[in-house]
Structures are given as structure tokens and as C-alpha cells.
Amino acid sequence: MLSSPLVLTIPPSIKLSDDQFFELCQINHDLRLERNLKTGEIWIMTPAGGEAGNRNFSLIVQLGSWVKQDKTGIGFDSSTGFRILGATKDPMSPDAAWVRLERWNALTPEQQQKFPPICPDFVVELRSPSDTLKSLQKKMEEWVRLGIQLGWLIDRTGRQVYIYRQDGSQDCLQDPETLSGEMVLPGFVLDMSEIW
């Protein structure tokens, strides 16, 4: 298993449009691709191992159950890429995300079908063995800069959760039993026993 992404350098003379990059991702649907807009590089992200994939599944199931009951937004898994103006990578893919329904419905059907040009209201990054904590912290800081309301970085190795908020405030919880969706996802409580 790769410990870091495989990086493909694209010649400056080749500029992939958003539609071309979307098509490249669709043709290679088994790969998780991210594009660095500044360098033109395409990163082939390492697939999750069995344990990390199972924990991410547990996260998605819990979030999905809340989304079905709450009905104020829609959820997304790690295969979704969001195209956000001002992001350094395009698209950006969290392990889980949620967008308020009125914001989602403001997008055209074509925008919803491709990489949605919207920053999620809530994102989760679940650290896998191939991730460095520092790189995920930088990614979370970028999510905040781009406009998330709430974000969780779950570090299973250190049994810590870093909480990021739109106002810039952060918390680090050591081995919490649950996580609260706060005012962004009212009533959502993540049972960490299924994630650790």
C-alpha cells in the first residue's frame, strides 16, 4: 500500500478543463483523484485499508441516519469531490460531508451531477495510517478558510478529535465517547465507540 499519494505532473501546455477533469475521474472511477490548481499536478490518493474503510463506513451510517431523520440537508461520502472557488486542490474530497438543503437546491442539476461548486457546511476527515496529522490539519484549516461551519478531524492513532469552526475557534478532545453536531447539525451525536 502506498504511504502517500502518487503525483502526476501535467505539462503546463496541457490545461484540463473542469469537464475534462470530471471525465478523467469518471473513466478512472476506482481511483481517488485530486488536482492541484497551482502546480497542475494530479494526485492519485491511496485507497483506504480495511479497518479505516470500516470506520469510515460507521461514520457514514451514523451521519446518514441523522440526515434521513433531520431532512434539512444532504450527506456525501468520501467519493464526492467539491469544486470550490479559491481552493488549492480541485476537487476537494472529505471523508464525509453535509450541505444544507436550500444551498444544495440553489445549484443547477448539472452542477449537482458533476463536482458541486459549493463548500459543505460540515466535513469530517478521518485519519488513516497513510495520512500525516499535519497534512490533515492543513486541509482542515483550508476547509475553514473556504467556508465550512463545522469540521471534525478524527485522529484514531492519537484518539483525539480536532474540532474546527467557522469563527476560527478550535478544540481538541482526548478520547471522547461522543461528538456533538453543535448548532450546525442539531441533534446529531456521533458514537465514537464505532469509530475508535
Polar side-chain atom of Asn28 near backbone of Leu24 as donor-acceptor pair, under 3.5 Å = yes
Answer yes when Glu141 and Arg145 have at least one side-chain N-carboxylate O distance shorter than 4.0 Å, and no when they do not.
-> no
Considering non-hydrogen atoms only, spot the tightest contact between Pro120 and Val99 and give its length.
-> CA-CG2, 3.7 Å
Short N-O contact, Glu182 and Arg165, less than 4.0 angstrom | yes
Between Thr80 and Pro94 the two heavy atoms that sit nearest each other are O-CD, 4.1 Å
Heavy atoms only: give me the nearest Met92-Ala87 pair and the separation to one decimal.
-> SD-CB, 3.8 Å
Side chains of Arg103 and Ile118: does their closest heavy-atom pair fall under 4.5 Å?
-> yes
Interatomic distance, Lys68 atom NZ to Leu63 atom CG [nearest 0.5 angstrom] | 13.0 Å
With hydrophobic residues grouped by side-chain heavy-atom distances under 4.5 Å, do Tyr162 and Leu185 end up in a single group?
-> no
Given side chains that start at C-beta, do those of Leu59 and Val124 come closer than 4.5 Å, heavy atoms only?
-> yes
Any sub-3.5 Å donor-acceptor pair from Asp131's side-chain atoms to Ser128's backbone N or O?
-> yes
Ser58 side chain vs Ile195 backbone, donor-acceptor pair below 3.5 Å = no
Hey, are Glu41 and Arg35 close enough for a salt bridge, meaning a charged N less than 4.0 Å from a carboxylate O?
-> no
Taking the side chain from Trp196 and the backbone from Pro176, do they hold a donor-acceptor pair closer than 3.5 Å?
-> yes
Side-chain donor/acceptor of Glu177 to backbone N/O of Met192, under 3.5 Å = no
Does the side chain of Leu179 reach to within under 4.5 Å of the side chain of Val189, using non-hydrogen atoms?
-> no
Test item: Asp121 side-chain N/O and Arg100 main-chain N/O as donor-acceptor pair under 3.5 Å = yes
If you group Ile, Leu, Val, Met, Phe, Trp and Tyr by side-chain heavy-atom gaps below 4.5 Å, do Val161 and Tyr164 land in one group?
-> no
Is a donor on one side and an acceptor on the other found under 3.5 Å between the side chain of Gln111 and the backbone of Thr108?
-> yes
According to a 4.5 Å side-chain heavy-atom criterion applied to Ile, Leu, Val, Met, Phe, Trp and Tyr, with indirect links allowed, do Ile60 and Phe188 form part of one hydrophobic cluster?
-> no
Can you check whether Arg127 reaches Arg156 side chain to side chain, under 4.5 Å on heavy atoms?
-> no
Within a reach of under 6.0 Å around CD of Gln166, are more than 12 heavy atoms found that belong to other residues, nucleotides or ligands?
-> yes
Going through the distances and angles, do Ile42 and Leu16 end up as a side chain to side chain contact (heavy atoms under 4.5 Å, CB included)?
-> CA-CA 10 Å; Ile42 294 178; Leu16 289 177; 3.8 Å; yes
Glu110 and Lys114: CA distance, side-chain angles, deciding distance, salt bridge (Lys or Arg N to Asp or Glu O under 4.0 Å) verdict = CA-CA 6 Å; Glu110 183 181 20; Lys114 295 187 178 180; 3.5 Å; yes
Compare all side-chain heavy atoms of Phe22 with those of Ser17 and state whether any distance is below 4.5 angstrom.
-> no
Qualifying residue, where the test is ring-ring contact (aromatic ring centres under 6.0 Å, His included) with Phe122 and the options are Trp66, Trp152, Trp98 | Trp152
Does Glu125 use its side chain to pair, donor to acceptor, with the backbone of Asp155 at less than 3.5 Å?
-> no
Taking the side chain as every heavy atom from C-beta outward, state whether Ile148 and Val184 have any pair of such atoms under 4.5 Å apart.
-> no
Step through the shown structure and confirm whether more than 12 heavy atoms of other residues, nucleotides or ligands are within 6.0 Å of CG on Leu85.
-> no
Indicate the ring-plane relationship of Phe82 and Phe76, choosing parallel, tilted or perpendicular according to the 30° and 60° boundaries.
-> perpendicular
Linked, directly or transitively: Leu173 and Met183 (ILVMFWY side chains, under 4.5 Å) | no
d(Gln62 CD, Thr178 OG1) to nearest 0.5 Å is 10.0 Å
Can you measure from SG (Cys172) to CD (Gln137) and round to the nearest 0.5 angstrom?
-> 8.5 Å
Kindly indicate whether the side chain of Thr157, heavy atoms from C-beta on, has any atom under 4.5 Å from the side chain of Leu133.
-> no
Could you grab the distance from atom SG of Cys25 to atom CG of Leu33, nearest 0.5 Å is fine?
-> 4.5 Å
Drop me the distance from Asn105's CG to Leu107's CG, to the nearest 0.5 angstrom.
-> 8.5 Å
Scan side-chain atoms only and decide if Asp77 and Ser79 contain a donor-acceptor pair under the 3.5 Å cut-off.
-> yes
Joint hydrophobic cluster, Val67 plus Val61, side-chain heavy atoms closer than 4.5 Å | no
Below 4.5 Å, heavy atoms only, C-beta onward: do Thr72 and Leu101 meet side chain to side chain?
-> no
Could you tell me which non-hydrogen atom of Asp70 sits nearest to which non-hydrogen atom of Pro186, and how far apart they are?
-> OD1-O, 4.5 Å
Heavy-atom pair of closest approach, residues Gly81 and Ser93 | CA-OG, 3.5 Å
Which class fits the ring pair Phe21 and Phe115: parallel under 30°, tilted 30 to 60°, perpendicular over 60°?
-> tilted
So how far is it from Gln20 CD to Ile14 CD1, rounded to the nearest 0.5 Å?
-> 10.0 Å
Between Ser78 and Asn56, is a side chain to side chain contact (heavy atoms under 4.5 Å, CB included) present by the stated rule, with each step listed?
-> CA-CA 9 Å; Ser78 62; Asn56 198 57; 4.0 Å; yes
